[in-house]
Amino acid sequence: MFMRNTAFALIMLFSATALGRPVCFTDVASYNQVKSQLPASMRNGAIFIGTKTDSLKATASIAPNSAGQFNFSMIYRHWLAGKVEDAGRIREICVSGQQVKITLSTGTTKTLELKGRGFAYQGNLLSVISRGESRSLTSEIHAGNGGSAGGSASTGKK
Amino acid sequence: MKKSFLMTTICLSLLLWTTERGFSQSPPRDKIPFSTSETVDYVAEKSDPLIGLLKAPSFRGVVMRSNSQLESLRLIDDHVLSLKIKKMDEAACRQVTQAILGSDEGEKPAMKISKVELFKSRFGEACEVEAQELNADPQPRRFRLVTGLYKNEVRAFVANDKNPTAREGESEELRKFYKSLK
């Protein structure tokens with residue numbers, strides 16, 4: 001009986017993956033149920049990503065809040081705009097093949113693409129970093145020494 | 001002799017200038033997609049897609065009002081919406097707000113609208129909205145939005161602030177910014 005159930009579960013799991021059916025979660029409880037089916041970089045309960053472009057240095061995180069839901073937070077320092085913080089509550093995350101679709105509570109949906117150990121978003125590569133690295137990058141952004149282009153002083157502050 | 005010395009000095013000065021300025025120069029500034037009598041700068045999503053990672057699809061860029069005394073109005077999000085609105089009234093204004101900040105209705109509303117007020121602008125009726133983010137953790141943001149029909153497009157400017165109470169003169173200043181559009 002046990003063998004038959006296990007085989008059935010394995011077949012179901014394999015078929016879902018093979019058919020490319022999206023694996024979705026909305027909160028920590030549903031995340032724990034599907035965690036094993038998610039890509040390795042998404043199995044740690046939280047994702048920290050960082051990137052540098054010619055004009056900005058950014059770090060973002062998808063992490064659970066105290067209510068057991070996921071928040072999407074971002075902080076960046078742009079050479080012209082200065083330090084900017086943005087955040088949103090996540091309604092649902094669906095992973096299908098290499099695509100990660102994130103729907104925010106506002107209804108806005110953003111698609112990230114899994115690229116090696118990171119994610120790609122509209123031509124920008126976001127590397128998966130550790131919580132410690134993210135903290136350090138956040139401090140750099142707060143301190144204002146992150147101007148990659150050696151640009152003007154920051155004028156905007158939020 | 002004197003001529004070659006002069007040439008060498010000019011060449012060296014040019015080389016120094018390009019090393020100091022040319023290679024470490026900032027990326028080019030984006031063109032402002034609207035006309036205003038205020039002095040502003042603009043960071044377009046097209047040039048830096050990452051700035052729109054958490055924004056609605058209508059987001060076009062960030063307006064920088066460096067001269068503003070109000071911190072909450074120094075950076076304003078610029079949105080252009082593909083909604084079919086012929087006249088800006090309260091219902092249209094709520095529609096614009098929902099398209100940008102999410103719904104204020106249903107089981108899990110994303111925000112709560114606390115004020116909708118129409119005002120006159122050079123481009124006809126415009127509207128100002130005050131809204132508050134709901135279920136946000138740890139700190140809900142306060143939004144102030146102005147919208148109207150600018151050159152046959154529905155354009156909205158959205159400011160946000162973590163400070164729970166409105167700052168003095170905020171409403172007037174954001175309306176003044178919208179009225180500065182040419």
Side-chain angles (χ1 to χ4, degrees), chain A residues 26 49 51-60 63-74 76 78-91 102-112 119-126 147-158, chain B residues 20-21 23-30 40-43 45-59 61-68 71-77 98-104 106 108-111 133-141 159-163:
Chain A
T26 54
I49 44 185
T51 193
K52 262 191 218 179
T53 70
D54 284 346
S55 49
L56 60 80
K57 188 179 257 193
T59 181
N65 60 28
S66 53
Q69 295 188 313
F70 283 93
N71 278 350
F72 200 168
S73 315
M74 178 167 73
Y76 64 83
H78 187 273
W79 75 274
L80 190 59
K83 191 183 84 181
V84 181
E85 286 178 64
D86 211 351
R89 192 164 52 81
I90 291 171
R91 188 190 289 166
I102 302 168
T103 308
L104 297 169
S105 62
T106 56
T108 297
T109 299
K110 297 285 166 162
T111 305
L112 304 180
F119 297 89
Y121 176 71
Q122 294 192 12
N124 289 118
L125 195 63
L126 306 153
S148 56
S152 64
S154 84
T155 43
K157 236 182 161 191
K158 256 185 187 178
Chain B
E20 271 179 22
R21 303 281 305 258
F23 300 132
S24 61
Q25 224 171 26
S26 310
R29 289 178 187 227
D30 291 317
V40 297
D41 241 313
Y42 197 83
V43 180
E45 193 197 20
K46 265 186 189 169
S47 324
D48 287 294
L50 262 178
I51 66 168
L53 183 61
L54 297 173
K55 307 286 187 196
S58 54
F59 177 73
V62 178
V63 184
M64 293 173 52
R65 302 175 64 250
S66 315
N67 297 330
S68 175
E71 203 179 295
S72 56
L73 298 183
R74 281 191 198 136
L75 295 178
I76 301 174
D77 293 344
Q98 287 174 342
I100 297 170
L101 303 177
S103 177
D104 64 337
K108 285 182 181 172
M111 53 97 191
E133 198 173 26
L134 293 176
N135 306 314
D137 183 74
Q139 209 174 7
R141 284 171 299 169
N160 78 78
D161 194 6
K162 280 183 182 168
N163 195 339

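Residue numbering restarts at 1 for every chain, and letters A, B, ... go by the order of the sequence lines.
- Considering only residues two or more places apart in sequence or on other chains, A:Thr51 meets the side chain to side chain contact (heavy atoms under 4.5 Å, CB included) condition with A:Ala58, A:Leu126, B:Leu50.
- Minimum interatomic distance between A:Ser105 and B:Ala110 (heavy atoms only, all atoms of both residues): O-CB, 3.5 Å.
- At a 4.5 Å heavy-atom cutoff, the contact between A:Asn124 and chain B is made by side-chain atoms alone.
- Considering only residues two or more places apart in sequence or on other chains, B:Lys162 meets the side chain to side chain contact (heavy atoms under 4.5 Å, CB included) condition with A:Glu85, B:Gln139, B:Arg141.
- Heavy-atom distances place the side chain of A:Tyr76, and not its backbone, under 4.5 Å from chain B.
- Residues B:Leu53 and A:Lys110 approach most closely at O-CG, 3.1 Å, considering heavy atoms.
- In this structure, CG in A:Leu80 is found 7.5 Å from OG in B:Ser66, a value given to the nearest 0.5 Å.
- Residue with the most contacts toward chain B among A:Arg91, A:Gln122, A:Gln69: A:Gln122 (heavy-atom pairs, distance under 4.5 Å).
- Contacts with chain A were tallied for B:Leu101, B:Asp161, B:Leu134; B:Leu101 has the most, counting heavy-atom pairs under 4.5 Å.
- Chosen from B:Asn67, B:Ile100, B:Ile51, the residue pairing most often with chain A at heavy-atom distances under 4.5 Å is B:Ile51.
- In terms of heavy-atom pairs under 4.5 angstrom with chain A, the leader among B:Ser103, B:Ser68, B:Gly52 is B:Gly52.
- Taking each heavy atom of A:Ala81 and B:Val43 in turn, the nearest pair found is CB-CG2, 4.1 Å.
- Across B:Leu54 and A:Gly88, no two heavy atoms sit closer than the pair CD1-N, 4.4 Å.
- Of the two parts of A:Ile102, neither the backbone nor the side chain holds a non-hydrogen atom closer than 4.5 Å to a non-hydrogen atom of chain B.
- Annotation: side chain of A:Val84 is not in contact with side chain of B:Val62 (no heavy-atom distance under 4.5 Å).
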